[in-house]
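Working notes, structure below.
To find a chain, count down the sequence lines: A is the first, B the second, and so on, and within it residues start at 1. Remember, it's a predicted structure, so these values are computed and weren't measured experimentally. Heavy-atom basis, side chains included; hydrogens, waters and symmetry copies ignored.
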Amino acid sequence: MKNEKSHEKIMAYSLVAPALILILVIAIWPVLQSFYFSLFDLKLNSPTKSETHLSYSIDLERYLDNYPFLVGAIDNEIKKNHAPDQLGKAKDQLEKLDAKIQKDPKIKKNYDLVNDKLLNFESIDPSIALLKIDKDLANEIGHVSKEVKAEVKSAAKEKKLDQEKKIVGLASGMQDVVVKPNFIGLKHYISDLSSKRVWRALGNTMTFTVLSVGIELVLGLSIALLINKAFVGRGLVRAAILIPWAIPTAVSAKMWQFLYDGQNGIVSKMFEKLGLVDSMTHLLTTDTGAMFSVIFADVWKTTPYMALLLLAGLQTIPGSLYEAASIDGASKFKQFLTVTLPLLKSSLLVALLFRTLDAFRVFDLIYVLTGGGPANSTETISILGYKMMFSQTNFGNGSAISVIVFICVAIISIIYIKFLGRDLLNDGTGR
Amino acid sequence: MNKKAGLLFYVFLFLFIFVVMFPFLWILLASIKPATELFGDKAFTPFSDHPTFKNYVSVFVNYPFLRYMWNSFIVSVITTLYTVFVASFAAYAIARLNFKGKSFILGLVLSVTMFPQIATISPIYIFMKDLGLTNSYLGLIIPYTTITLPLSIWILVTFFRKIPFDLEEAAKMDGATLLQTYWKVIFPLAGPGIFTTAILVFIAAWNEFLFALTINTDEHYKTVPVGIAMFQGQYTIPWGEISAATIVITVPLVLFVLLFQRRIVSGLTSGSVKE
């Protein structure tokens, strides 16, 4: 019997394993990675910042593309007797530095490898060319390059050099040989939390979430209460309710963009006729108009869905409870307060939790409908994160913003789960 | 409670359905208007004087719309098949077997459904780029697991729990192994639940926007939501074509929803309603 039990356990673990591994690799690891990225000055379009570097390294490809030509060119000038003292000193420094770099056997090996490849015009893999070095050597490389550049410049001032431009260019190039660590710790968070734009985006997200979820809850609950009775055409109503939910949000956002259009949009025309807006064009071009439009479109899309979830909850409440309540003389309103609401609590909270999180993460609806505009008035935190990462290619800061979104979502979930208690995770296996 | 519906109720119901359906009806009417009637005074007359199918033709001729639909279809179908397959094993173990850490795993799965997509996009994008999987079907199928796998485990667990335990016991008595019990007893009974999950996963994958927008930027690999959102004319926004495209993808979805509404509703509510 004991054997059978442990066998069952092993089977259970092996059945869960593939899904768990996938979830770890595809969802949990990326979130941790996002946090890691957020600690770096990571910019995809900048060659030295496109990866995370914790320590100093030397780019041998750049170095060997620079050093021999720089020394050769300086040598030529010295031979022509152009400022031999100063240039000789520079050359000396460079050669000493080179000897020092080559002293490390590990660097030396790749040094020769990269050199050969450069001479043969072969492409060089960054994994060979980029080598870790200690801070002292990095500092020395930086120091020497700076001095050489200064000496070459002052030499050029005193005596005209034949290849002045080339030598100065090569000398400045030496300064980019060291790849500095781009670890910056919590700097992104500090700058984000003191940035007006981030707070505004958080504010917009909160406004959107609170208003749209609030309206959806009230409307959804009243619709659910009203259609919680026997009537002809229930199936049809259910299908109609599901349609806005099933259409891709991006597509419905495009649809609303047409309906809200300042010149030809029927909905904006109606709102103008109803006196909701002063002019049709105000809908998508003013702050409040755009926020209103976005919330209205979201309410249209998800109220029916909310009603559906609440309706399902309502249907699990036994009718006998209402009969008992009405025999006791409770009014309709009293029945709602004492019977419906308490029994609906858990489905209400679950529906609210998922809707709140969905609204807080909102991206496609707003991205397509307003693009976050006008003047960032509908820019939510997710949209800001996306823009940071993919329009400004600032992956480090974009990741920091996305971690902020993650933390907010976690806080919201914790608050709801406190209310829900163990209901949500209750594993009622019936055993 | 008053269970009989009165006239006022039907008036309300009609209004509700009208409000819900109005945008689609308007888009449907706009899709058969010639360009001249989409703008100006005529923009607000519902019925066109010269209905035309030009917009529909243009969507397929001037835009790679068929391509978008094909991409969406391939990505959604493969995602659905493989996630439901993986999820059904995990859900079976969670719902029916005894082992330690069950609530923890279920809690983990639930918390992953709450992850904001934006928090996973940057590493996933870099990962796909490094593997050379941007602009490929696999580049979307892999990240879609984030959304669909926890969702399907969560829904399937509820369905699996509803199957009577006696059947399993009986099979065990007859000497069936665990996998035999799963394939011969549980799987056929869970069939409807698995099918329901598959529908929801398919819709989730079909509708996904953020990953599709960032990972597959090439025209050749765009999916329908991104394709329609990025519809651009040379000088103006091609509302006629956008309307037609919307209708083309909405009509199959409407039919789909009509056909499977019961299943979709049971799937949607299974996680949230406690009986």
**Complete:** From the list Leu258(B), Leu149(B), Ile147(B), the residue making the most non-hydrogen contacts under 4.5 Å with chain A is Leu149(B)

**Request:** May I have the step-by-step check of side-chain contact (heavy atoms from CB on, under 4.5 Å) for Thr177(B) and Met11(A), ending in yes or no?
**Result:** CA-CA 11 Å; Thr177(B) 64; Met11(A) 277 308 284; over 6 Å; no

**Request:** Could you tell me whether the side chain of Ser34(A) reaches within less than 4.5 Å of the side chain of Thr120(B), counting heavy atoms only?
**Result:** no

**Complete:** Per-residue tally against chain B (heavy atom, under 4.5 Å) across Ile317(A), Leu344(A), Leu357(A), Ile247(A) peaks at Ile247(A)

**Request:** Flag this pair as yes if the NZ/CZ of Lys269(A) is under 6.0 angstrom from the six-membered ring centre of Phe44(B) and inside a 45 degree cone about the axis; otherwise no.
**Result:** yes

**Fill in**
Value for CD1 (Ile28(A)) from OG1 (Thr146(B)), rounded to nearest 0.5 Å, stands at 11.0 Å

**Request:** Answer with side chain, backbone, both or neither: which region of Leu38(B) has an atom nearer than 4.5 Å to a non-hydrogen atom of chain A?
**Result:** both

**Prompt:** Is any side-chain heavy atom of Phe37(A) closer than 4.5 Å to a side-chain heavy atom of Pro123(B)?
**Reply:** yes

**Request:** Would you sort out whether Trp26(B) and Tyr260(A) count as a ring-ring contact (aromatic ring centres under 6.0 Å, His included), showing the intermediate values?
**Result:** CA-CA 12 Å; Trp26(B) 191 260; Tyr260(A) 286 144; over 10 Å; no

**Fill in**
dist Ile237(B):CD1 -> Gln257(A):CD (nearest 0.5 Å) comes out at 5.5 Å

**Request:** Using non-hydrogen atoms and a 4.5 Å limit, figure out which bit of Val368(A) sits close to chain B: side chain, backbone, both or neither.
**Result:** side chain

**Request:** Find out whether Ile153(B) and Ile23(A) are in side-chain contact, i.e. whether some heavy atom of one side chain is under 4.5 Å from a heavy atom of the other.
**Result:** yes

**Prompt:** Tell me, side chain or backbone of Tyr367(A) under 4.5 Å from chain B's heavy atoms, or both, or neither?
**Reply:** side chain

**Prompt:** Is there side-chain contact between Met114(B) and Phe360(A), with heavy atoms separated by less than 4.5 Å?
**Reply:** no

**Asked** Just how far is it from atom OG of Ser122(B) to atom CE of Met388(A), taken to the nearest 0.5 Å?
**Response** 13.0 Å

**Request:** Give, as side chain, backbone, both or neither, the part of Phe35(A) having an atom under 4.5 angstrom from any heavy atom of chain B.
**Result:** neither

**Asked** What distance separates Thr249(A) OG1 from Glu208(B) CD, expressed to the nearest 0.5 Å?
**Response** 10.0 Å

**Request:** Check whether Phe85(B) gets within reach of chain A through its side chain, its backbone, both or neither, counting any heavy atom under 4.5 Å.
**Result:** neither

**Item:** Ile249(B) side chain near Pro248(A) side chain, heavy-atom distance below 4.5 Å
**Value:** yes

**Asked** Parallel, tilted or perpendicular for Tyr13(A) and Phe99(B), by the 30°/60° rule?
**Response** perpendicular

**Asked** Is the count of non-hydrogen atoms from other residues, nucleotides or ligands lying under 6.0 Å from Leu8(B) atom CG greater than 12?
**Response** no

**Asked** What distance do Leu22(A) atom CG and Tyr82(B) atom OH have between them, rounded to the nearest 0.5 Å?
**Response** 5.0 Å

**Item:** Region of Pro23(B) that comes under 4.5 Å of a non-hydrogen atom in chain A
**Value:** both

**Fill in**
Okay, Met255(A) and chain B: the region with an atom under 4.5 Å from a heavy atom over there is both

**Message:** Quick check for you: among Ile223(A), Val237(A), Leu259(A), Ile266(A), which has the greatest number of heavy-atom pairs under 4.5 Å with chain B?
**Reply:** Ile266(A)

**Message:** Tell me which of these, Asp358(A), Ile227(A), Val403(A), has more heavy-atom pairs under 4.5 Å with chain B than the rest.
**Reply:** Ile227(A)

**Asked** Between Tyr125(B) and Phe390(A), what is the ring plane arrangement, given parallel below 30°, perpendicular above 60°, and tilted in between?
**Response** perpendicular

**Request:** Side chain from CB out, backbone as N, CA, C, O: work out which of these in Val409(A) comes under 4.5 Å of a heavy atom of chain B, or both, or neither.
**Result:** side chain

**Message:** Any non-hydrogen side-chain atom of Tyr305(A) less than 4.5 Å from a side-chain atom of Leu268(B)?
**Reply:** yes

**Complete:** CH2 (Trp245(A)) and CD1 (Ile264(B)) are apart, to the nearest 0.5 Å, by 5.5 Å

**Asked** When you look at CZ of Phe258(A), are more than 12 heavy atoms from neighbouring residues, nucleotides or ligands closer to it than 6.0 Å?
**Response** yes

